[in-house]
Number of protein chains: 2
Amino acid sequence: MSAPVAPARALPWDTARGALRARGLRWTPQRRLILEVLAGTTGHITGAELVERCRAHDAATIPSTVYRTLDVLEDLGYVRHSHGADGREEYHVLPGAEHAHLRCLGCGSVVEIGRDEALALVGGLGSSRGFTVVLSHVMIGGYCPGCGPEVS
Amino acid sequence: MSAPVAPARALPWDTARGALRARGLRWTPQRRLILEVLAGTTGHITGAELVERCRAHDAATIPSTVYRTLDVLEDLGYVRHSHGADGREEYHVLPGAEHAHLRCLGCGSVVEIGRDEALALVGGLGSSRGFTVVLSHVMIGGYCPGCGPEVS
DNA sequence: CTCGCTATTGCAAGTTGTCGCAGGAACGCC
DNA sequence: GGCGTTCCTGCGACAACTTGCAATAGCGAG
């Protein structure tokens, strides 16, 4: 009864079970499904999207379970969330590298800025204000070259 | 030196009616109420809060009307919105000065960064990537001196 | 002052998340 | 292999918005 496990990237998804148990948390079919879906995902995914994909595998998937699992997974560092342009939840799968976000207010596209470039921009806040910047929580809105400043 | 809180008031709220008409939009009792409530507000306010305050004046206030009015007002530049830590709508009343936001992931406090300081940080993206930064859509997350990097 | 055009409103239904609860299910232990 | 402890799940209710529609009411025109 092993479902066609997605040929996920060689990432610590396999360690998830152990990570959960190590914290006294449990490994359940539900969580396993969510992990599997997540393993086959790259980049961003919204909560609603994840719920839908899970439902594709198991129609009995309940939203609240998904959201709660996502919370746990974030706690463990497997995903990280932020909010999209419309304020909706958006999860970053396997935040391997710290990065900031550049979001085009015109087309909605999101570009990631590497750690170094981002730090060069906002890292200074650490010394000037004693503020410890968390790159994955840096969101810079504006207009990309393609969209250009919008005229209303 | 951080300038004291700007004496927000004596602002072009009075021009609102004209601004609306100039665009072929209408001046309605509902909008007037919302403008009035907004005029008595400083800083941030969430959509839900605004709805509630309006209801305090007129129990018949309907949420959708408030939200739609807020959209119009934003179009006219009277307010600006962003999303709070929980992704909920948050409106900045009378964004007199463009500013970016620094949000503490620990205590949730939000500090505004003046136009100049903010531009010094991210303005460079304009030349390096052809990206036009919109300061009010710049959100930098991290930990303030008081909270310090959280250990999780 | 009346009329007509169309922006707005009020309402209802739909999304996306969150929360509290009670039964069910993992896990570790004996 | 049983048992008990606790974590989870499923579910319904709720909060915060959003959107479509038909009826209403600003506003300028005549």
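Computation of the quantities below employed the complete heavy-atom set of this structure, encompassing side-chain atoms and omitting hydrogens, waters and symmetry-equivalent molecules. Each chain gets a letter, A, B and so on, in the order its sequence line appears, and its residues count up from 1.
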Compare all side-chain heavy atoms of A:H92 with those of A:H101 and state whether any distance is below 4.5 angstrom.
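With C-beta onward as the side chain, the pair touches.
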Close side-chain approach of A:H99 to A:I113, heavy-atom, < 4.5 Å:
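No, side chains not in contact.
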Between [X] and [Y], is any side-chain donor less than 3.5 angstrom from a side-chain acceptor?
X	Y	answer
B:Y78	B:T15	yes
A:S82	A:H137	no
A:E74	A:H81	yes

Boundaries of the DNA chain C segment in contact with chain A, non-hydrogen, under 4.0 Å
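Contact boundaries, 5' end first: C:dT16 to C:dG28.
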Assuming nearest nucleotide by heavy-atom distance, tell me which of B:R88 and A:R31 is located more 5' along DNA chain D.
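The residue mapped nearer the 5' terminus is A:R31.
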Relative to the 5' end of DNA chain D, which residue comes earlier, B:E90 or B:R68, by the nucleotide with the nearest heavy atom?
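Residue closer to the 5' terminus by nearest nucleotide: B:E90.
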Detail all sub-3.5 Å separations between protein N/O atoms and N/O atoms belonging to nucleotides 26-30 of chain D.
| from | atom 1 | to | atom 2 | distance (Å) |
| --- | --- | --- | --- | --- |
| D:dG26 | O3' | B:W27 | O | 3.4 |
| D:dG26 | N2 | B:R26 | NH2 | 2.7 |
| D:dC27 | OP1 | B:W27 | N | 2.7 |
| D:dC27 | OP1 | B:W27 | O | 3.4 |

Within the structure, does a side-chain N or O atom of A:S64 lie under 4.0 Å from either OP1 or OP2 of D:dG10?
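No, because none of the side-chain N or O atoms of A:S64 sits under 4.0 Å from OP1 or OP2 of D:dG10.
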Return the value, rounded to whole Å, for the distance between atom [atom1] of [X] and atom [atom2] of [N].
X	N	atom1	atom2	value
A:I62	D:dC8	CD1	C1'	12 Å
B:H81	D:dT18	NE2	C1'	13 Å
A:D71	D:dC7	CG	C1'	15 Å
A:Y67	D:dT9	OH	C1'	16 Å

Of B:D86 and B:V72, the one whose closest DNA chain C nucleotide lies more 5'
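Here B:V72 is the residue nearer the 5' end.
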A:R32 vs A:T28, test: side-chain hydrogen bond (donor to acceptor under 3.5 Å, both in side chains). Steps then yes/no.
CA-CA 6 Å; A:R32 185 178 147 195; A:T28 67; over 6 Å; no
Give every residue pair that meets the salt bridge (charged side-chain N to carboxylate O under 4.0 Å, His left out) criterion with at least one member in residues 105-129 of chain A, sequence neighbours excluded.
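Only A:E117-B:R129, A:R129-B:E117 qualify under salt bridge (charged side-chain N to carboxylate O under 4.0 Å, His left out).
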Should B:L20 and B:V79 be counted in the same cluster of Ile, Leu, Val, Met, Phe, Trp and Tyr side chains packed under 4.5 Å apart?
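Per the 4.5 Å side-chain linkage, B:L20 and B:V79 are co-clustered.
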So B:G24, base contact, sugar-phosphate only, or nothing? Heavy-atom distance under 4.0 Å.
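Counting heavy atoms under 4.0 Å across all strands, the contact made by B:G24 is with sugar-phosphate only.
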Measure across B:R26 and B:R31 and return the closest heavy-atom pair with its distance rounded to 0.1 Å.
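Nearest heavy atoms, B:R26 then B:R31: O-NH1, 2.9 Å.
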